Amino acid sequence: MKTVSENTCFGGTQGVYSHDSTAAGTEMTFGLFLPEEAKDGPVPILWYLSGLTCTHENAMTKAGAQAWAAEQGIAICFPDTSPRGEGVANDEAYDLGQGAGFYVNATQNPWAPHFNMWDYVADELPALLGENFNIDMDRQGITGHSMGGHGALTLAMNLPGRYRSVSAFSPIANPTQSDWGRKQLSAYLGDDETSWAKHDASLLMADAGFDGPVLIDQGADDQFLDLLKPEALAQAMAAKRQDGIFRMQKGYDHSYFFVASFMEDHINFHAEALWA
């Protein structure tokens with residue numbers, strides 16, 4: 001693991017690190033904020049998964065998460081959204097290939113050799129952080145925006161007991177029924193739609209739900225509402241009697257201005273579960 005940069009931030013440290021990834025078969029970069037409390041002992045961690053076209057840097061610099069994480073004494077990790085680099089498959093479209101990993105393990109060529117973001121986020125990166133930083137891996141929460149909200153919800157519901165809480169900002173909520181999903185799932189996983197179900201938050205919620213609290217914020221003026229399909233997730237949560245809150249936020253769109261506006265709520269939501 002290499003240190004790209006470390007900056008003092010709200011009494012803690014905002015670092016950027018790179019490492020050779022077995023899951024991705026290439027070098028990966030991630031951001032990690034450690035609060036001041038990490039100098040004295042292990043702290044809980046919140047994973048923030050970013051959306052289409054983003055790198056580790058977008059949320060790290062735009063979401064304003066560090067101030068609230070420092071206040072609550074929790075770490076935040078900002079992984080990249082896909083493998084990158086020479087020899088890694090890509091596509092001319094912004095919503096497939098590099099920057100668009102969709103948090104799945106690809107089984108189809110040319111994606112399969114590198115696009116294993118599920119294994120990277122669920123297994124490899126947590127192991128790396130646990131070995132190298134003062135983080136309590138028994139206290140994990142997960143959140144994300146758009147494609148990252150999709151990833152956060154699907155990881156949380158597929159790995160019961162792993163995360164104490166899950167939240168999402170404008171998640172791609174029903175990808176098996178959306179152009180933001182059908183295109184990518186077919187490319188990465190093939191045409192057998194039965195293999196897609198574990199990557200659809202609305203289907204997972206209807207089937208099993210999440211064994212902890214859920215918080216969803218969706219901008220009511222989001223320009224991508226027809227692609228996100230939040231109503232499917234809201235209906236599934238209600239039908240499942242899920243312990244959770246689904247909020248439509250009037251006037252807000254899909255941008256990081258929206259994310260930053262409600263980041264304090266999400267950090268506090270996770271902190272309550274992580275410190276319980």
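What you see below is based on every heavy atom in this structure, not just the backbone, and it leaves out hydrogens, waters and symmetry mates. Everything numeric here is computed off the predicted structure, so don't read it as measured data. Counting from 1, the numbers follow the sequence of the chain as shown.
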A.B. asks: So does R182 pair up with E193, basic N to acidic O under 4.0 Å?
C.D. replies: yes
A.B. asks: Any side-chain heavy atom of R139 sitting closer than 4.5 Å to one from I45?
C.D. replies: no
A.B. asks: V121 and F210: same hydrophobic cluster, using ILVMFWY side-chain contacts below 4.5 Å?
C.D. replies: yes
A.B. asks: Can you measure from CG (L233) to OG (S202) and round to the nearest 0.5 angstrom?
C.D. replies: 4.5 Å
A.B. asks: Tell me if the aromatic rings of Y48 and F33 count as close, with their centers under 6.0 Å from one another.
C.D. replies: no
A.B. asks: Could you check if a side-chain atom of I74 sits within less than 4.5 angstrom of a side-chain atom of E37, using non-hydrogen atoms only?
C.D. replies: no
A.B. asks: Roughly how far apart are M60 CE and N58 CG, rounded to 0.5 Å?
C.D. replies: 9.5 Å
A.B. asks: With side chains defined as the heavy atoms from C-beta onward, is the minimum distance between F246 and P230 less than 4.5 Å?
C.D. replies: yes
A.B. asks: May I ask you to decide if E57's main-chain N or O and T61's side chain share a donor-acceptor pair within less than 3.5 Å?
C.D. replies: yes
A.B. asks: Looking only at the aromatic ring of each residue, does the gap between the centers of H145 and F257 stay below 6.0 angstrom?
C.D. replies: no
A.B. asks: Are the side chain of S18 and the backbone of T29 linked by a donor-acceptor contact shorter than 3.5 Å?
C.D. replies: no
A.B. asks: What is the minimum heavy-atom distance between D119 and A23, and which atoms define it?
C.D. replies: CB-CB, 4.2 Å
A.B. asks: Under a 4.0 Å N-O cut-off, is there an ion pair linking K250 with D221?
C.D. replies: no
A.B. asks: Quick check: does any side chain N or O of H114 sit under 3.5 Å from a backbone N or O of A24, one acting as donor and the other as acceptor?
C.D. replies: yes
A.B. asks: For this output row, return yes or no: ring centroids of H199 and Y103 closer than 6.0 angstrom.
C.D. replies: no
A.B. asks: I'd like to know if the side chain of N158 and the backbone of T154 have a donor-acceptor N/O pair within less than 3.5 Å.
C.D. replies: yes
A.B. asks: Would the F78 and F30 ring centres measure less than 6.0 Å apart?
C.D. replies: no
A.B. asks: With a 3.5 Å distance limit and no angle check, can you tell me whether Q242 reaches the backbone of V214 through a side-chain donor-acceptor pair?
C.D. replies: no
A.B. asks: What about H266 and F169, are their ring centers closer than 6.0 Å?
C.D. replies: yes
A.B. asks: Do the side-chain N and O atoms of T176 and D200 include a donor-acceptor pair separated by under 3.5 angstrom?
C.D. replies: yes
A.B. asks: Salt-bridged, R84 to E27, with N to O below 4.0 Å?
C.D. replies: no
A.B. asks: Holding to side chain to side chain contact (heavy atoms under 4.5 Å, CB included), I want the full list of residues that pass it with S146, two or more places apart in sequence or in another chain.
C.D. replies: I172, W180, L228, H254
A.B. asks: Once rounded to the nearest 0.5 Å, what's the spacing between atom CE of M28 and atom CG of D20?
C.D. replies: 11.5 Å
